[in-house]
> 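Please read through the structure below; I'll follow up with questions.
Chain identifiers are assigned alphabetically (A, B, ...) following the order of the sequence lines, protein sequences preceding nucleic acid strands; residue numbering begins at 1 within each chain.
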Amino acid sequence: MKIGYPCINNSLDCTSNRTFRLINYSQERLIETVYQNLECLQKILDFNVKNKLLFFRIGSQLVPFASHEINSFDWADYFKKEFKEMGDYIRKNDVRISMHPDQFVVLNSIRDDVVDKSIKEIEYHCQVLDLMELDQTAKVQIHIGGVYGDKKESMKRFAKNYSRLNSKIKKRLAIENDHVSYSLKDCLSVHKETGVPIIFDNLHHQCLNNGEPISEAIKEANNSWSEKDGNLMVDYSDQKKNQKKGVHADTINLDSFKTFLKEIEGIDCDIMLEIKDKEKSALKAISLINQ
DNA sequence: AGTTGTCAAGCTAGT
DNA sequence: ACTAGCTTGACAACT
């Protein structure tokens with residue numbers, strides 16, 4: 001089991017999500033920013049390896065405006081060597097990587113332009129992982145998308161649009177249960193249709209479920225992962241106390257986490273801690289596991 | 001140096 | 001009709 005955290009390390013004095021305003025776009029600015037982001041990503045990975053945190057989500061801003069129409073620069077070719085070396089480091093140290101395009105990526109949108117832009121953005125995420133020469137255990141996770149007043153039809157649209165993606169992209173994708181629209185059960189139904197593996201999010205499941213206890217839910221999610229996809233990925237968070245449903249906690253509650261680990265006993269999965277204080281909680285969790 | 005409004009993109013629920 | 005929330009964080013223009 002690997003433990004990780006998403007995108008940001010607050011113990012280091014750098015970010016791998018540096019960006020700039022569209023209005024200030026220039027090729028020079030892009031190159032400079034990507035260099036800085038890659039440099040910081042290396043520092044974060046060093047920190048993680050040193051602390052045995054072998055799961056990490058790379059932020060979507062690694063290459064700002066990568067899929068935007070303003071960007072005609074062949075960044076993939078320009079940074080080929082840097083990405084390859086980063087990938088070598090990742091593979092050498094047995095680090096698991098995921099990426100999570102943001103909320104604007106909606107593969108099942110009723111608007112064609114949104115679907116087109118979503119596919120471009122997904123392709124960018126996949127390209128990063130491809131340039132790093134990571135196998136298909138490195139995942140790009142998305143949600144099923146919008147409901148538009150007809151969930152069944154919207155799930156069908158997801159499956160249809162998914163089926164039209166090229167196989168290289170399909171191999172990278174995973175879907176995650178969300179907290180308002182698509183439950184684990186819905187994801188399972190889309191999985192049945194498409195074969196796409198399911199990332200299990202415990203907090204979303206807490207907000208939206210069909211009565212399955214965690215122990216059962218995790219088994220069902222786990223069954224959606226093939227050998228080639230690697231271990232089941234789990235997004236873990238605690239509910240922030242006295243806040244509305246779905247708000248992430250500031251720091252990990254180790255008692256709750258212990259209980260969770262008990263409930264998923266026997267399932268070999270990698271856990272991403274989506275908690276506000278990022279690596280601090282991850283360090284607490286890893287020391288709990290290693291003790 | 002610190003503060004604050006704004007940022008490429010979408011959708012849902014709550015007001 | 002409008003806003004918060006979603007990984008909200010980082011930029012940039014202002015005090």
> Using a heavy-atom cut-off of under 4.0 Å over every strand shown, decide if A/Asn24 touches base, sugar-phosphate, or nothing.
sugar-phosphate
> Measure centre to centre between the rings of A/Tyr124 and A/Trp75, then say whether the value is under 6.0 Å.
yes
> What nucleic acid atoms does A/Phe65 come within less than 4.0 Å of, heavy atoms only: base, sugar-phosphate, or nothing?
base
> Salt-bridged, A/Glu85 to A/Lys81, with N to O below 4.0 Å?
yes
> Centre-to-centre under 6.0 Å for A/His100 and A/His143, is that the case here?
yes
> Measure the distance from CD1 on A/Ile70 to C1' on B/dC7 and round it to the nearest whole Å.
14 Å
> Using a heavy-atom cut-off of under 4.0 Å over every strand shown, decide if A/Glu69 touches base, sugar-phosphate, or nothing.
nothing
> Among the nucleotides B/dA8, C/dT7, C/dA12, which one has an atom lying closest to any side-chain atom of A/His68?
B/dA8
> Scan every strand shown for a Watson-Crick or G-U wobble partner of C/dC11, both distances under 3.5 Å, and answer none if you come up empty.
B/dG5
> Checking all strands, does A/Val105 fall into the base, sugar-phosphate, or nothing category for heavy-atom contacts under 4.0 angstrom?
nothing
> Can you measure A/Met99 atom CE to C/dT7 atom P for me and round it to whole angstrom units?
16 Å
> Considering only the P atoms, how many Å lie between B/dG5 and C/dT3, rounded to the nearest integer?
14 Å
> Using purine N1 to pyrimidine N3 plus N6-O4 or O6-N4 for Watson-Crick, or N1-O2 and O6-N3 for G-U wobble, each under 3.5 Å, what pairs with B/dT12?
C/dA4
> What does A/Thr15 touch in the nucleic acid at a heavy-atom separation under 4.0 angstrom: a base, only the sugar-phosphate, or nothing?
sugar-phosphate
> Stacking here means centres under 5.5 Å and planes under 30°; does A/Phe104 stack on B/dG10?
no
> Could you tell me whether A/Arg91 and A/Asp88 make a salt bridge, using a distance below 4.0 angstrom between a side-chain N and a carboxylate O?
yes
